[in-house]
Every structure is written in C-alpha cells, then in structure tokens.
Amino acid sequence: MGTINRAVVVGGSLAGLRAAQTLRQEGFAGDLTVVSAESHLPYNRPPLSKSVLNGDDDVALPGAGEVDCRWIRGRRAVRLATGAGPSAGTGTVVLDDGTPLSFDGLVIATGARPRRFPAEQAPLEGVHVLRTIEDALALRASLDAGPDHVVVIGGGFVGGEVASTAREKGLAVTLIDAAPLPMVRALSAHAAGWLARHHKENGVELISGVRVTALEGERRVSGVRLDDGRLIPASLVVAGLGVVPNTEWLDGSGIRVEGGVVTTATLFASGLPNVVAAGDVVRWPHELFGGELVRGEHWAIANDQAALAARNLLRGPAEAEPFTDVPSFSTYVHRARVQSAGLPHLADETRIVARSESDGSLAVALARAGVLVGAATINGHKYLMRLRRAIAARTPVSEVVL
Ligand SMILES: Cc1cc2nc3c(=O)[nH]c(=O)nc-3n(C[C@H](O)[C@H](O)[C@H](O)COP(=O)(O)OP(=O)(O)OC[C@H]3O[C@@H](n4cnc5c(N)ncnc54)[C@H](O)[C@@H]3O)c2cc1C
C-alpha cells in the first residue's frame, strides 16, 4: 500500500460509491470524504427509464449509506489544484461554498449529464430529460397525464426504453433519430435494422436520418421542427440527446480533458500518481482495441472500473492493473432484449452467427481485420456472453462457434 492518508472522492453515484467501498475493503484506514452534487445517497439509474416510469420506486443501490466515510451531499466541486512543487503529492478540491478539501488521493467520479437543447428553448413546458430520480418522477407524472403525442428525440437506450414504456401506456409515440438506424453505432447495421422494424411493429412512428432544429410552442411545447422542414406535433418531448461528461470543475487543473477525463490504461489522470478516475466521466485507452479511447455509459463499467481505480490508487502506478473489461450493455425495447458487447463501430466485417425464427433470437459477430471486436444480439443473452468472452480472447471471427 502507498502513502495515502486523506482520500477524496468527487461524485457520489455508482462509481463514487464503489470507489469508496473498495478503498475501505482494501484496508484504507485514513480520512475518506465523498462529495456529491445530489442530495440523495447513491441510487441506481437503470430503473429510471424502466420500472420507475411504471410506478416502481425501488432504485436502491446495495451498501449505499454503509460506507465508513464522510458524505458531503448537495455540494459541488468547482475547482481542483493537483499540487506541484513543494506540495507535490497533495492537492485541494474546492467546493461551491468555498470549502477546501485537501487530499493525497483523489477519485474523479463525476459522471455525465444529459445534453440539452440550447438555453433559449429550455423554458418550454413539457420538455424532459432523464438522468436523475427527480427527472424520472417528473416524466412519469407527465406520461401518466396521458399526453396526446409523445415525441422522443434520440434513439439510444434511454430514448428506446422511454418510447417502449410510452407505447405500453397506450400513448402515440414518434421517435426521431439523427442516425440512419437507431443505435447503429452500438449494434451494427444488421441488428439496428431489426430494432428499427421492431419499433415500427410496436406502433412507434420512427423518423430516422433527420435532425431536430427547434422545439416550437408558446409556453408549452407543441411541435418539433426537423431539418427537412417538417413540423411534428408534440405535447410531450423527451430529449435523449446523449450526455456531456461533468468535467468543468477540472478546468485549469492541468488534468487532460477531451470528451471526458483522459486517463492511462490503469485509470490515472494525466499521469498523476495520486489521481484516478472512473465511470461515465472517463475516456481510457482500451488495450484490447489497440489503445482506442473508450468512454462507457454502462453500469457494469462504472461499477467495475471504480473498484479497480480505487485499488490502483492504493497500489500506486507501478503496480496498477489496466482496465480491460469488454464493454457491454443490455436494454429491453418492447419486450425484446437488445444487447451489445465490445466496440461494434470499429468493425469492417459482419457475420450473422445465430438466427432463429422460433424464439426470435439473432446474434451478430463483428470483426476488424478478421478479429472479433464486437457483438450484438437480440433475445440471445447466452450468445452475447459467449461472444463477449471471444472478444476478450481476441478470437478470429472465422473460429466463432456458438
Ligand atoms: C435513465 C438511465 C438508464 C440507464 N440504463 C442503463 C442500463 O440499462 N444499463 C446500463 O449498463 N447502464 C444504464 N445507464 C447508465 C448507468 O446508469 C451509468 O453508466 C452510471 O450511472 C454511471 O455512474 P457514474 O457514477 O460514473 O456517473 P453518474 O451516475 O452520472 O454520477 C455522477 C455523480 O456525480 C455528481 N457530480 C457531477 N459533478 C459534480 C461535481 N462537480 N461535484 C460533485 N458531484 C458531482 C452527479 O450529480 C452524480 O450524482 C442508465 C443511465 C440512465 C440515466
């Protein structure tokens, strides 16, 4: 173990919680402070676009509240000094009320926030984003009020799940996506084509390959203007436009930020031996994919990466391990299980490796230069698990057998 006595974790959600838990599990006995901009203890976000919208409020994260640490809730870190010269090895996080927190070990776990429409459109009523429990409860109330026409902008997993839930509630839904097929980057063209048909078969009006240029309405949103000139009527809009990593508080700190905090493969920020980062805020070079910088937006990455980041912080850079987990995610859209693993967008070759009419399953293997780099499955969890292991083993696509 290194010489850390005062550890600070900034961000008190999944990654922050796992980092704090791991520091203690690994025997760290010094001061431990977790700073969280939210007023709640850590909670689980995946149910926010699923069961919460259907009335189930269980978002508990096991172990939240049981960590032996000081939680500072409802406060935001606004500045970081990493320490240089005589103070090398120590640093200070400054909070929005001016409180300085000095540390000799720091975990950056500030995640991401939804990308929003330009400020001039924000005041319109009836426009929702979905990231926090407050967002989910507000959206649920609006969906339960029975809006005439729900427009979901963005066909990613949050948009797809919201569209699916709104259809289950019997609402008219239009899904607008800028890509030619929903989730094509994460699923590849074949599986994304299946998903597009699935949305349509379940009553979603899918408009692909167009961008929204404006939200229209007086006080409340009444329509969505597209870049081809069309106006889509809307009484409720859900913007699933992707996320922006929460890195502004690192401006001027010297930490490298480019679409997220860029770390080493072992999750150290800008080569600093006492600062690690984990979760949705991180872009790390993935050794399996030739050092490609990857930013995950997946529960399992935040969970597992935070644990490794905490262990690496205690061990120090010389004994640290790289984070090499194969990214994967899972979503349910109109009762179909849609999953992906690896980095499908890197692929130059697609092979259908399983397809069954009887149970509606599909498995697609995706390769670059003959080696498996990604996979996508529909109703094929067992296939995805096998393909994920094959990606980790750098299996030639010609040898994939399911
Ligand atoms: C609606 C929804 C559904 C999802 N469904 C799935 C799913 O089905 N499967 C899946 O794998 N993943 C899913 N995810 C993604 C998963 O929840 C995230 O990957 C995970 O929450 C990332 O955790 P994190 O701790 O890195 O970041 P976050 O959860 O974003 O937490 C970061 C925390 O840091 C706080 N913070 C930010 N800036 C500061 C600051 N300056 N000072 C102090 N605190 C700060 C934030 O308020 C927040 O509490 C879903 C996400 C959403 C929003």
Side-chain angles (χ1 to χ4, degrees), residues 8-21 33-53 59 61 64 71-80 93-97 99 101 106-115 128-137 139-140 154 156-162 164-165 186 238-251 253 260-261 267 277-283 295-307 309 325 327-333 337-341:
V8 171
V9 177
V10 183
S13 181
L14 175 62
L17 172 67
R18 291 292 182 255
Q21 285 174 323
T33 302
V34 181
V35 184
S36 174
E38 290 187 79
S39 55
H40 313 281
L41 280 174
Y43 57 91
N44 234 349
R45 295 193 201 280
L48 299 181
S49 50
K50 307 172 182 70
S51 45
V52 173
L53 295 183
V59 290
L61 255 181
W71 281 95
I72 301 179
R73 288 193 257 162
R75 286 261 83 91
R76 190 167 276 284
V78 291
R79 210 167 60 248
L80 170 68
V93 172
V94 180
L95 306 188
D96 53 3
D97 63 353
T99 305
L101 297 174
L106 175 69
V107 181
I108 298 172
T110 42
R113 62 182 182 275
R115 182 170 289 121
H128 292 257
V129 293
L130 185 48
R131 184 79 192 177
T132 64
I133 183 72
E134 289 83 1
D135 294 338
L137 295 177
L139 177 57
R140 180 168 86 193
F157 65 85
V158 171
E161 288 176 1
V162 171
S164 177
T165 303
V238 184
L241 305 173
V243 297
V244 182
N246 292 316
T247 56
E248 290 76 2
W249 67 284
L250 299 169
D251 289 351
S253 67
V261 173
L267 306 172
D280 282 14
V281 76
V282 171
R283 280 180 86 209
R295 196 174 62 75
E297 289 171 33
H298 308 319
W299 195 97
I301 290 185
N303 190 64
D304 300 345
Q305 200 172 51
D325 289 14
S328 70
F329 82 88
S330 180
T331 178
Y332 280 94
V333 184
R337 190 167 193 186
V338 178
Q339 290 172 280
S340 143

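Here, residue 1 is the first one in the sequence, and each next residue gets the next number. Since the model is a prediction, treat every value here as computed from it, not as a measurement. Both ligands and their constituent atoms are indexed starting at 1 by order of listing.
With respect to atom 49 (O) of ligand 1, the closest heavy atom belonging to the protein is Glu38 OE2, 2.6 Å. For atom 52 (C) of ligand 1, the closest non-hydrogen atom on the protein side is Arg45 CB, 3.9 Å. Nearest protein neighbour of atom 27 (O) of ligand 1, counting heavy atoms only, is Gly111 CA, 3.3 Å. Nearest non-hydrogen protein atom to atom 39 (C) of ligand 1 is Thr110 CG2, 3.4 Å. Asp280 N, 2.9 Å is the protein heavy atom nearest to atom 26 (O) of ligand 1. Here the heavy atom of the protein found nearest to atom 23 (O) of ligand 1 is Ala302 CB, 3.7 Å. Considering only non-hydrogen protein atoms, atom 5 (N) of ligand 1 sits nearest to Lys50 NZ, 3.1 Å. Annotation: atom 25 (O) of ligand 1 to nearest protein heavy atom, Ala15 N, 2.9 Å.
An N or O contact shorter than 3.5 Å links His298 to ligand 1 by distance. The shortest N or O to N or O distance between Ser13 and ligand 1 is under 3.5 Å. Considering backbone and side-chain atoms together, Leu48 places no N or O closer than 3.5 Å to any N or O of ligand 1.
Listed by number with element, the atoms of ligand 1 under 4.0 Å from a non-hydrogen atom of Leu130 are 1 (C), 53 (C). For ligand 1, the atoms lying closer than 4.0 Å to a non-hydrogen atom of Arg75 are 43 (C). Each of the following atoms of ligand 1 lies closer than 4.0 Å to a heavy atom of Leu14: 23 (O), 25 (O). Per-residue contacts place Gly279 under 4.0 angstrom from the following atoms of ligand 1 (heavy atoms of the residue considered): 26 (O). Taking every heavy atom of Val10 and a limit of under 4.0 angstrom, the matching atoms of ligand 1 come to 42 (N), 43 (C).
Residues meeting the side chain to side chain donor-acceptor pair (under 3.5 Å) test with Asp251, sequence neighbours left out: none. By the ring-ring contact (aromatic ring centres under 6.0 Å, His included) test, His128 is found to be paired with no residue, residues two or more places apart in sequence or in another chain being considered.
Scanning both residues, Ala186 and Phe329, for their nearest heavy atoms gives CB-CE2, 3.9 Å.
At least one heavy atom of Ser330 sits closer than 4.0 Å to an atom of ligand 1. For the pair Thr331 and ligand 1, no heavy-atom separation below 4.0 Å is found. Residue contacts with ligand 1: Glu248 is excluded, as none of its non-hydrogen atoms falls under 4.0 Å.
Residue contacts with ligand 1, taken as heavy atom pairs separated by less than 4.0 Å, involve Ala112 solely via the backbone atoms N, CA, C and O. Here Trp249 has side-chain heavy atoms under 4.0 Å from ligand 1, and that is the only part of it that gets that close. Of the heavy atoms in Ala37, both backbone and side-chain atoms come closer than 4.0 Å to ligand 1. Contact annotation for Ala109 and ligand 1: only backbone heavy atoms (N, CA, C, O) come within less than 4.0 Å of the ligand.
Looking at Arg76, its side chain never comes within 3.5 Å of a backbone N or O of Val35 through a donor-acceptor pair. Using a distance-only test at 3.5 Å, with no hydrogens or angles considered, a donor-acceptor pair links the side chain of Arg115 to the main chain of Leu241.
Side-chain atoms of Arg79 and Ser253 form no donor-acceptor pair, as typed in the model, at a separation below 3.5 Å. For Glu161 and Thr331, the side-chain atoms include at least one donor-acceptor pair closer than 3.5 Å. Side-chain contact of Ser36 with Trp71: a donor-acceptor pair under 3.5 Å is absent, judged by distance alone. Checking His298 against Gln305 by side-chain atom types alone, no donor-acceptor pair falls below 3.5 Å.
In this structure, the separation between CG on Asn303 and CG on Asp325 is 10.0 Å, given to the nearest 0.5 Å.
The pair Glu297-Arg45 does not count as a salt bridge, with every side-chain nitrogen at least 4.0 angstrom from each carboxylate oxygen. Ionic pairing of Asp280 and Arg295 is not present here: no N-O contact between side-chain nitrogen and carboxylate oxygen is shorter than 4.0 angstrom.
With Arg18 as reference, Leu61 is the one residue of Asp304, Val9, Leu61, Val107 to meet the side-chain contact (heavy atoms from CB on, under 4.5 Å) rule.
Residues Val52 and Arg140 are in side-chain contact: their nearest non-hydrogen atoms beyond the backbone lie under 4.5 Å apart.
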